[in-house]
Amino acid sequence: MKPTILVTGGTGYIGSHTVIELLEEGMEVVIIDNLSNSNLEVLDGIEDISGKRPHFEKVDLRDRSSTFEVFEKYSGIEAIIHFAAFKAVGESVEKPLAYYENNLLSLIHLLEAMKKYGVPNLVFSSSCTVYGEPDSLPVTEEASIKKANSPYGNTKQICEEILQDTIESSPENGVISLRYFNPIGAHPSAKIGELPIGVPNNLVPFITQTAFGIREQLNVFGQDYNTPDGSAIRDYINVVDLARAHVVAIRRLLEQKQKSSFEVFNLGTGKGISVLEIIRAFENTTGQKLNYRMVDRREGDVEQVYADTAFANNELGWKAEKGIEETLLSAWNWEKYIRLKATT
């Protein structure tokens, strides 16, 4: 019998790519999303690619009763992947209370529903921001959890603490926290990708929108970091590689006989790339010149961070496979697709 997986934030960027991977693995998928940062048309893209349409419920997880109603309706849920959260570092500095309310309440209500309806498994969408400014690179899962550089990062730290405490009190549960580094790119079909509402907070959508002429200029935040070219360094991972890791994590939880576990895995490529290197790679791959300027550092950003992926590679049997050129080209193809679609 097909396992039923509940995916919160499933019409979002990473969520939608993960839903496709789950459907292609033969799983049933129920999506919860309030569409605050996504579009219902994403379901059409998912169906076009996978040949299947997931169940969809427009629900805000901050609404406890509406959340519980979903569990009443779909009684066979075996596991949850929890993506739904506000996620922009800069915005979280400006609006900390909104981030604490949304990101913490959503998880609390979900855990309450899991307990009431007997759902034992959860994969949590976490972030490398929990490491703050790391003491050494690459970052392993054993690295210290430093004081967060932003309210967004702090919500991820607090959520992981909530999950660990819940496991202590509910030994029937199993949780895997996946700490993402920097997801970029789009599905190779160009039928789904990252489509932020309003001004993008992430680098690559701003790059592609600038290349297409939607944005006049790209700002590169920080030119005096202690890095080879002065710009910040990140570990950029293809979103499809990232999505596939969630399927591996779900299968790991479903197959575990013994629950009461809280496991953490870093998801990245293991290679740090600077912002200026990303810009040059995009220009070389696509032939599009970018209008960009160097500006002051952005509050909440760390200087450099990239993953040690050995534990995820060895323990999960997963590794990132797609290169940066292929990934940036997929993002550009997605940008062109959505702009063409908007004019037809």
Side-chain angles (χ1 to χ4, degrees), residues 2-35 37-38 42-43 46 50 52-61 67 70-71 74 76-87 102-103 106-115 117-127 155-156 159-160 162-163 166-167 173-181 183 187 192 194 237 239-256 259 261-267 312 316 318:
K2 298 178 182 178
T4 298
I5 312 300
L6 176 68
V7 181
T8 74
T11 55
Y13 174 44
I14 305 171
S16 60
H17 287 81
T18 301
V19 167
I20 287 170
E21 298 300 320
L22 292 167
L23 290 171
E24 291 184 343
E25 284 285 310
M27 300 183 188
E28 289 288 329
V29 176
V30 179
I31 292 174
I32 288 180
D33 205 304
N34 66 1
L35 302 179
N37 195 35
S38 61
V42 170
L43 295 175
I46 291 172
S50 68
K52 304 167 191 172
R53 195 173 186 89
H55 304 284
F56 176 79
E57 300 292 334
K58 185 179 179 183
V59 167
D60 191 320
L61 290 169
T67 301
V70 175
F71 284 80
Y74 301 95
I77 296 168
E78 294 184 44
I80 297 168
I81 304 178
H82 182 42
F83 292 108
F86 293 162
K87 62 176 186 175
N102 184 75
N103 294 3
S106 295
L107 177 63
I108 290 167
H109 291 162
L110 201 59
L111 290 171
E112 289 176 339
M114 287 176 65
K115 186 173 183 64
Y117 296 97
V119 180
N121 303 305
L122 176 72
V123 174
F124 178 62
S125 167
S126 191
S127 168
T155 66
K156 290 300 183 182
C159 283
E160 287 199 1
I162 290 170
L163 288 166
T166 302
I167 286 292
N173 288 352
V175 173
I176 292 178
S177 184
L178 299 177
R179 293 175 178 166
Y180 313 157
F181 281 67
H187 195 272
I192 65 167
E194 188 170 9
I237 177 174
V239 68
V240 176
D241 282 337
L242 186 68
R244 289 174 179 157
H246 292 75
V247 178
V248 175
I250 283 291
R251 291 214 176 277
R252 182 179 178 88
L253 287 173
L254 292 176
E255 293 167 6
Q256 277 181 353
K259 300 295 183 183
S261 63
F262 179 83
E263 295 183 293
V264 170
F265 297 96
N266 287 341
L267 299 184
L316 289 179
W318 166 91

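Values below: all heavy atoms of this structure, side chains included; hydrogens, waters and symmetry mates excluded.
The shortest heavy-atom contact between Glu21 and Ala243 is CG-CB, 3.8 Å. Heavy-atom minimum distance, Ser126 versus Ser177: CB-OG, 3.3 Å. Closest approach of Ala312 to Asn266, counting heavy atoms only: CB-O, 3.4 Å. In terms of heavy-atom proximity, Leu242 sits nearest to Pro183 at CD2-CG, 3.6 Å. Closest non-hydrogen pair, Phe124 versus Glu160, comes out as CE2-CG, 4.1 Å. Contact between Asp33 and Gly10 at its shortest, heavy atoms only, is OD2-N, 3.4 Å.
Side-chain contact between Pro54 and Ile46 is present, with heavy atoms from C-beta onward closer than 4.5 Å. Here the side chains of Arg244 and Val240 are in contact, with some heavy-atom distance below 4.5 Å. For the pair Ile167/Leu163, no side-chain contact is recorded, criterion being any heavy-atom separation below 4.5 Å from C-beta on. A 4.5 Å side-chain heavy-atom check between Leu107 and Thr155 finds every atom pair outside the cut-off. At least one side-chain heavy atom of Ile250 sits less than 4.5 Å from a side-chain heavy atom of Met27. With contacts defined as side-chain heavy-atom distances shorter than 4.5 Å, the pair Leu43/Thr11 qualifies. The shortest distance between side-chain heavy atoms of Leu267 and Trp318 falls below 4.5 Å. Within the 4.5 Å cutoff, side-chain heavy atoms of Leu22 are placed close to those of Val7.
Within the 6.0 Å centre-distance limit, the rings of Tyr180 and His246 are counted as a close aromatic pair.
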Pair Thr67, Val59 - check side-chain contact (heavy atoms from CB on, under 4.5 Å), show working. CA-CA 7 Å; Thr67 301; Val59 167; 4.1 Å; yes

Run the side-chain contact (heavy atoms from CB on, under 4.5 Å) check on Glu263 and Gln256 step by step: do they pass? CA-CA 12 Å; Glu263 295 183 293; Gln256 277 181 353; 3.5 Å; yes

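Exactly one of Ile80, Ile77, Asn173 qualifies for a side chain to side chain contact (heavy atoms under 4.5 Å, CB included) with Pro120. That residue is Asn173. Remark: of the listed residues Val119, Leu254, Thr4, Leu254 is the sole one forming a side chain to side chain contact (heavy atoms under 4.5 Å, CB included) with Glu78.
Panel note: side chain Lys52, backbone Leu23; a donor-acceptor pair is recorded below 3.5 Å. Between the side chain of His187 and the backbone N or O of Ile192, no donor-acceptor pair lies under 3.5 Å. The closest donor-acceptor contact from the side chain of Asn37 to the backbone of Phe86 lies at 3.5 Å or more, if one exists at all.
Atoms CZ and CZ, on Arg252 and Phe265 in that order, are 4.5 Å from each other to the nearest 0.5 Å. Of the inter-residue distances, the one linking Ile32 atom CD1 with Ser106 atom OG reads 10.0 Å to the nearest 0.5 angstrom. Atom CG of Leu253 sits about 8.0 Å away from atom CG of Leu122, to the nearest 0.5 Å. Atom CG of Leu178 and atom OG of Ser125 lie 8.0 Å apart (nearest 0.5 Å). The distance from atom CD1 of Ile81 to atom CD1 of Ile31, rounded to the nearest 0.5 Å, is 10.5 Å. To the nearest 0.5 Å, the span separating CG on Leu6 from CZ on Phe71 amounts to 5.0 Å.
Partners of Phe56 under the ring-ring contact (aromatic ring centres under 6.0 Å, His included) rule, at least two apart in sequence or in another chain, do not exist in this structure. Not counting sequence neighbours, the partners of Tyr74 by the ring-ring contact (aromatic ring centres under 6.0 Å, His included) test are His55.
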